[in-house]
Amino acid sequence: MATIMHFECSRCGEKFAPTPAPTICPQDGGPLYVRYDLSEVRWHASRDSLIGGPKNMWRYAAVLPDAEPVTLGEGFTPMLASHKYPNLLIKDEGLNPTGSFKARGMAAAITMLRHYGVKKIAAPSAGNAGGAMAAYAAAAGLEAYVFMPKDVPIANRLEVEAAGAHLTLVDGLINDCGRMVAERKDKEGWFDVSTLKEPFRIEGKKTMGYEVAEQMGWKLPDAILYPTGGGVGLIGMWKAFEEMEELGWIERGQRPRMICVQAEGCAPIPKALQEGEAASQPWPDAHTLAAGLRVPKAYGDFIILDIIRKSKGTAVAVTDEAIMDGVKELASQEGIFACPEGAAALAAYKQLLATEFLSANDKVVLFNTGSGYKYLDVMAKYWSVEAFGGGRTLPASRNMGGIIGPW
Ligand SMILES: [Zn+2]
C-alpha cells in the first residue's frame, strides 16, 4: 500500500502534511488530493503485480492508502460490450455492494476514518451515497447520520434505516441537506463525509479509472460518458490517469475525452461549459427523475469543468423522457437493468453520435453508475402514468419518493 506524502489543494496547490482525518484546504475550501510517492510505488508494484490480486477495488492497493480495508467486495465490475453499438462498452457499476458506484468512495473514506479513530460520520445524499455510507458505517462499526431530500427513491431511505444509520429527511435538495450537516457537525462531533469535503472518496472512485485501463488491456478509450452529480468519479478517474502515466502503466497523451452527462432539469455543468465559465451557478428549481443528477451545484464544479476542457470533452443535458427510454433500451437490448443516471449516459451517447461529436468508430466507455432495482418506485410511477393514458406528462420528481402505489 502507498505511503501518503502530502495532501494537495485542488484550488491553490498548497501542500499539507499528512495529518489524520484531513478535510478541505483551510485557506480557500478547495478539495484536497492525496499525493503518494509514486516513484516508490513504481519500484515495488507493476501492472503484472496486479495479476492474481483480489477481484475488487483493493487489487489496486499499491495506489491506495495504507490501512486495513473496510470492504464489502466493491469494485472490479464487469465491462460489457454493447450488443447494439459495436464500439460501445458498458461499465456496469450497478453490481457493486449497495447497488451503485458510491460503494467505492465510501469504502475508501470509511476505511481511512476508522483508521484515524473517527466514531461518528455525517453526509448529505441525493440517494445512493447515503445507502452506501450507512452500509459501510455498519461494517466498520461507526455511527452514521444521513441527510436526504424527502423524495429520494424509497430504496435509499429503507437501506439507510435498515443499516441502523440516523436518517433525517429534508424538505429540500442535496444542497439544503449539506447545509444542515455543516451547521450541526461541530456541535454533534460528526466528521463530514460530504462529496469532496475529505480526500478519500476520490481515492475510492479513482479505481474506476484503473479498472477501465486494466480491463481494456492498458489502452484507454477515446471517450468516457459519465453521469455527473457531484462528479467525484470523473475527478477520480482523471487522477488515476495521471498516476498511471507517472507509473508508466499507460502511455502519456492518450487520455479519453471526458463527457459529463446531466439532465435537462438540472444541467449546471453543460450551461457553465457553454458560457465559458470556470465554475457553475446553482441551478434553480432542479428537477429530474434521475435522483443522482439532482445536484444544483457541485462542490468540485471548477475541477469538473477544467477536466472536460483539458480532455477536449463536452457536457450534455438529456431529457427525462430520453432517460426513461434509455432504461428500457439498456434492459431490452443489452440485458442491463440500469439506473436512470446510467440510462442518461446512453441518451447522451445517441445525442453525440447524431451531432457527430462522437463517431460510431470511437471506442467509448459508458458508465452505468447504479442498479435499476434501486428505482422501482420511480419507474413504476413513470410507466404507470403512461399506461393509464396520461401521455408523457412527467410526474414532478419532487413528489416521487416514498410513494407505494397500487400497481
Ligand atoms: Zn487551497
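For ligands, and for the atoms within them, numbers begin at 1 and follow the listed sequence. Numbers for residues simply follow the sequence, beginning at 1.
At most 12 non-hydrogen atoms from other residues, nucleotides or ligands lie less than 6.0 angstrom from CD of E251.
The one candidate from K206, R59, R104 that meets the side-chain hydrogen bond (donor to acceptor under 3.5 Å, both in side chains) condition with E211 is R104.
Atom CD1 of I110 sits about 12.0 Å away from atom OG1 of T71, to the nearest 0.5 Å. For the atom pair CD (E198) and CD1 (I121), the distance works out to 9.5 Å, reported to the nearest 0.5 Å.
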Output, in order, the C-alpha distance, side-chain angles, deciding distance and verdict of side chain to side chain donor-acceptor pair (under 3.5 Å) for E203 and Y36.
CA-CA 11 Å; E203 291 306 288; Y36 308 98; 2.5 Å; yes
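Excluding waters, the set of protein N, O or S atoms lying under 2.8 Å from the Zn ion (ligand 1) comprises C9 SG, C12 SG, C25 SG, D28 OD1, D28 OD2.
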For residues 217-238, please give each side-chain donor-acceptor pair under 3.5 Å, one per line with the distance, not counting sequence neighbours.
residue: D222; atom: OD2; partner: K363; partner atom: N; Å: 2.7
residue: Y226; atom: OH; partner: G233; partner atom: N; Å: 3.4
residue: T228; atom: OG1; partner: Y226; partner atom: O; Å: 2.8

